[in-house]
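Here is the structure we will look at, set down as structure tokens.
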Protein chains: 2
Amino acid sequence: MSEPEFFKALADPTRRAVFERLADGEMNATDLRQGFDLSQPAMSQHLAVLRTAGLIAEQKHGRNVLYRINPDGVARIHQWLSRYNAFWPSRVDDLKQLLKEMDQ
Amino acid sequence: MSEPEFFKALADPTRRAVFERLADGEMNATDLRQGFDLSQPAMSQHLAVLRTAGLIAEQKHGRNVLYRINPDGVARIHQWLSRYNAFWPSRVDDLKQLLKEMDQ
DNA sequence: AAATCATATAAGTCTGTGCTTATGTATTTT
DNA sequence: AAAATACATAAGCACAGACTTATATGATTT
């Protein structure tokens, strides 16, 4: 199995915040900067790290680039974490709860 | 919500390997060093980082210290990841499969 | 076509972190 | 009680990474 890069990518609080913001919907780099005290290159570099780690995907729209969460990346985190399911004591209840919520 | 420290802790490949080794059962620091080209203090420091992040727990046994995975830490990763369940396309099937396996 | 806009890349700085050796502190063994 | 063992802590070094300013590139607007 290849080394998971997502840990390093998400170890930075700014990148976690960017990732979380993208959970609400796709956005371009300029809009993503709102609320962050960060230069444009800094954001661009963060986005490059997240993209290289396979956590976000990009789509060009003219001179804009829309960024969105890459489901494959989330799936890869889940895959890594599944190794430790035995250490998740309340996993049965939580899973049943989750399935119930999704059935509604 | 407090900042998740586990990402920084698991961003280091050595610490991930230590964590993975502990998934097979509790172990002391000396045994954990087997197979790693690492000094004793380095391992001690890695274990301190994992412990501070709440990922492992320790139990003193005389002059030995047994380390084991802290289920609370695993639960916290799951909790963080649950925010992104909507981006996990195959989650329903996987969860049902997991529940089926656990019922056996 | 010139100016503006959205983004990326380059280069340099500063801080964080992972490593080392040296040493400290209990605990166990002889 | 002295030696050995298991581990932690301290201090220093070297490299990685997050930031900056400056500049480049391509698309849009005027």
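The structure displayed is predicted, hence computed values, not measured ones. Naming convention: chains lettered A, B, ... in sequence-line order (proteins, then strands); numbering from 1 in each chain.
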Quick test of your reading: applying side chain to side chain donor-acceptor pair (under 3.5 Å), list the pairs with at least one residue in residues 42-58 of chain A, sequence neighbours left out, ordered by first then second residue.
A:R15-A:H46, A:R51-A:E58
Has A:N70 got a side-chain atom pairing as donor or acceptor with A:G54's backbone, closer than 3.5 angstrom?
yes
If you look at every heavy atom in A:I56 and A:Y67, which pair is closest and at what distance?
CD1-CD2, 3.9 Å
Please report the closest heavy-atom contact between A:L47 and A:A29, naming both atoms and the distance.
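Smallest interatomic distance, heavy atoms only, reads CD1-CB, 3.7 Å.
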Restricting to nitrogen or oxygen on both sides, can you table the protein-nucleotides 19-24 of chain D pairs closer than 3.5 Å?
from: D:dC19; atom 1: OP2; to: A:H46; atom 2: NE2; distance (Å): 2.2
from: D:dT20; atom 1: OP2; to: A:S39; atom 2: N; distance (Å): 3.3
from: D:dT20; atom 1: OP2; to: A:S39; atom 2: OG; distance (Å): 2.7
from: D:dT20; atom 1: O4; to: A:Q45; atom 2: NE2; distance (Å): 3.2

Can you list, by residue number, the residues of residues 23-31 of chain A that have a non-hydrogen atom closer than 4.0 angstrom to DNA chain D?
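DNA chain D contact set from residues 23-31 of chain A: none.
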Residues that A:D24 engages under salt bridge (charged side-chain N to carboxylate O under 4.0 Å, His left out), provided they are two or more places apart
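Salt bridge (charged side-chain N to carboxylate O under 4.0 Å, His left out) list for A:D24, sorted by chain: B:R83.
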Report the residues that fulfil salt bridge (charged side-chain N to carboxylate O under 4.0 Å, His left out) with A:R16, sequence neighbours left out, ordered by chain and then residue number.
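A:R16 satisfies salt bridge (charged side-chain N to carboxylate O under 4.0 Å, His left out) with B:E3 only.
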Same cluster or not: A:V65 versus A:V18, using hydrophobic residues (I, L, V, M, F, W, Y) connected whenever any side-chain heavy atoms lie under 4.5 Å apart?
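Cluster IDs for A:V65 and A:V18 match.
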Test side chain to side chain contact (heavy atoms under 4.5 Å, CB included) applied to B:R21 - qualifying residues, sequence neighbours left out:
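Side chain to side chain contact (heavy atoms under 4.5 Å, CB included) list for B:R21, sorted by chain: B:M27, B:L32, B:Q34, B:F36.
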Contacts of type side chain to side chain contact (heavy atoms under 4.5 Å, CB included), residue A:S39, not counting sequence neighbours
A:P41, A:A42
Can you measure [X] atom [atom1] to [N] atom [atom2] for me and round it to whole angstrom units?
X	N	atom1	atom2	answer
A:N64	C:dA8	CG	P	11 Å
A:L47	C:dA6	CG	P	15 Å
A:L66	C:dT7	CG	P	8 Å
B:E58	D:dA8	CD	C1'	10 Å
B:I56	D:dA8	CD1	C1'	14 Å
B:R33	D:dT5	CZ	P	13 Å
B:L10	C:dT17	CG	P	15 Å
A:R51	C:dT9	CZ	C1'	12 Å

Qualifying residues under ring pair (Phe, Tyr, Trp, His ring centres under 6.0 Å), relative to B:F7, sequence neighbours excluded
B:W80
Within the pair A:Y67 and C:dA8, is there a side-chain N or O less than 4.0 Å away from OP1 or OP2?
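Checking A:Y67 against C:dA8: at least one side-chain N or O falls below 4.0 Å of OP1 or OP2.
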Provide the full list of salt bridge (Lys or Arg N to Asp or Glu O under 4.0 Å) pairs with a residue in residues 31-44 of chain B, sequence neighbours left out, each pair given once.
none
Atom pairs, protein N/O to nucleotides 25-30 of chain C N/O, distance under 3.5 Å:
from: C:dT27; atom 1: O3'; to: B:R63; atom 2: N; distance (Å): 3.4

